[in-house]
Student: 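Got a structure for you, written out below as structure tokens; questions coming shortly.
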Amino acid sequence: LWALFGAASLCYGWLTLTILEASSHEPDSPLMHRAIMAVVDEVPGWKFGTFVLLSLLQHCRPLAPGCLGLFALATSAGAIAAYRKGRLIAWPIVTYYIMGHQLEIDFGRWTYLSEWRSHLVWRGWQLWDFLSSKFSRNSPSSAEAVAEAAAE
């Protein structure tokens with residue numbers, strides 16, 4: 001029974017994250033969609049990595065109920081979306097058919113140390129821009145400084 005729930009949770013949870021991803025890029029998307037995808041985007045392995053992380057965290061006693069609740073919510077939302085489109089049975093077949101290609105895409109940037117390094121440097125610059133904009137009122141962010149230097 002747990003194996004069936006895990007298989008359903010992976011394919012319908014994947015659908016839920018795919019829907020949230022598409023919605024989060026729209027200008028009028030709900031803040032919750034953007035917040036969820038902001039977290040998922042930082043997990044190594046992206047959608048599948050989120051599934052693996054939640055699967056591991058459900059073995060941590062204090063986090064188990066929350067992880068199971070997230071699995072149930074994502075599975076239910078994905079199953080409802082698939083049912084509404086008339087693809088309740090087809091979606092698991094499609095998910096497991098494309099899984100290999102999608103895993104290559106999702107884990108591609110996380111399999112090389114240089115990619116980790118560049119991601120951390122990029123996030124560091126974003127943090128620097130955020131902190132410098134909050135704590136120094138008149139100094140431009142590094143992006144603005146680069147744009148001004150390029151214009152000169």
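As a basis for the values below, the full set of heavy atoms in this structure was taken, side chains included, without hydrogen atoms, waters or symmetry mates. Since the model is a prediction, treat every value here as computed from it, not as a measurement.
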Student: Working to the nearest 0.5 angstrom, can you tell me the gap between S133 OG and W128 CH2?
Tutor: 11.5 Å
Student: Using side chain to side chain donor-acceptor pair (under 3.5 Å) as the criterion, list what pairs up with R34, not counting sequence neighbours.
Tutor: none
Student: Under 4.5 Å between side-chain heavy atoms, hopping through other hydrophobics if needed: is there a path connecting Y12 to V94?
Tutor: yes
Student: Pairs of donor and acceptor atoms involving the side chains of residues 61-80, under 3.5 Å and at least two apart or interchain, shall be tabulated with distances.
Tutor:
| from | atom 1 | to | atom 2 | distance (Å) |
| --- | --- | --- | --- | --- |
| T75 | OG1 | S9 | OG | 3.2 |
| T75 | OG1 | F71 | O | 2.6 |
| S76 | OG | A72 | O | 2.7 |

Student: Tracing side-chain links under 4.5 Å among I, L, V, M, F, W and Y, which residues wind up in one group with M37?
Tutor: L17, L20, M32, I36, V40, W46
Student: Do other residues, nucleotides or ligands put more than 12 heavy atoms under 6.0 Å from the OH atom of Y96?
Tutor: yes
Student: Name each donor-acceptor pair under 3.5 Å that joins a side chain in residues 84-93 to protein atoms two or more places apart or in another chain, with its distance.
Tutor:
| from | atom 1 | to | atom 2 | distance (Å) |
| --- | --- | --- | --- | --- |
| W91 | NE1 | C11 | O | 2.7 |
| W91 | NE1 | T95 | OG1 | 3.1 |

Student: Please report the shortest heavy-atom distance between Q58 and S55, naming the atom on each side.
Tutor: CG-O, 3.0 Å
Student: Would L10 and L57 show up in the same hydrophobic cluster when neighbours are defined by side-chain heavy atoms closer than 4.5 Å?
Tutor: no
Student: In Å, rounded to the nearest 0.5 Å, how long is the span from CG of L131 to CD of Q126?
Tutor: 11.5 Å
Student: Determine the minimum heavy-atom distance between P30 and S23, stating which atoms define it.
Tutor: CD-OG, 4.0 Å
Student: Could you pull out the closest heavy-atom pair between V43 and G49, with the gap in Å?
Tutor: CG1-C, 3.6 Å
Student: Considering residues at least two apart in sequence or located in another chain, which fulfil the side-chain contact (heavy atoms from CB on, under 4.5 Å) criterion with I105?
Tutor: H101, Q102
Student: Using the ring pair (Phe, Tyr, Trp, His ring centres under 6.0 Å) criterion, which residues pair with W116? Sequence neighbours excluded.
Tutor: W110
Student: Is there a continuous path of hydrophobic side-chain contacts, each under 4.5 Å between heavy atoms, that joins V52 to F5?
Tutor: yes
Student: Looking at Y83, I want to see if its OH is surrounded by more than 12 non-hydrogen atoms of other residues, nucleotides or ligands under 6.0 Å.
Tutor: no
Student: Side chains of H33 and E26: any donor to acceptor distance under 3.5 Å?
Tutor: no
Student: Please give the remaining members of the hydrophobic cluster of I98, linking ILVMFWY side chains under 4.5 Å, ordered by chain and number.
Tutor: Y97
Student: What residue pairs, at least two apart or across chains, pass salt bridge (Lys or Arg N to Asp or Glu O under 4.0 Å) with a residue in residues 13-23?
Tutor: E21-K47
Student: side-chain contact (heavy atoms from CB on, under 4.5 Å) with S118: which residues, sequence neighbours excluded?
Tutor: E115
Student: Decide side chain to side chain contact (heavy atoms under 4.5 Å, CB included) for R117 and L113; before the verdict, give the C-alpha distance in whole Å, the side-chain angles of both, and the deciding distance to 0.1 Å.
Tutor: CA-CA 6 Å; R117 194 176 306 123; L113 183 59; 3.4 Å; yes
Student: State yes or no: do F107 and L56 share one hydrophobic cluster built from I, L, V, M, F, W and Y residues joined by side-chain heavy-atom distances below 4.5 Å, directly or via other members?
Tutor: yes
Student: Where does the angle between the aromatic ring planes of W14 and F48 fall among parallel (under 30°), tilted (30 to 60°) and perpendicular (over 60°)?
Tutor: tilted
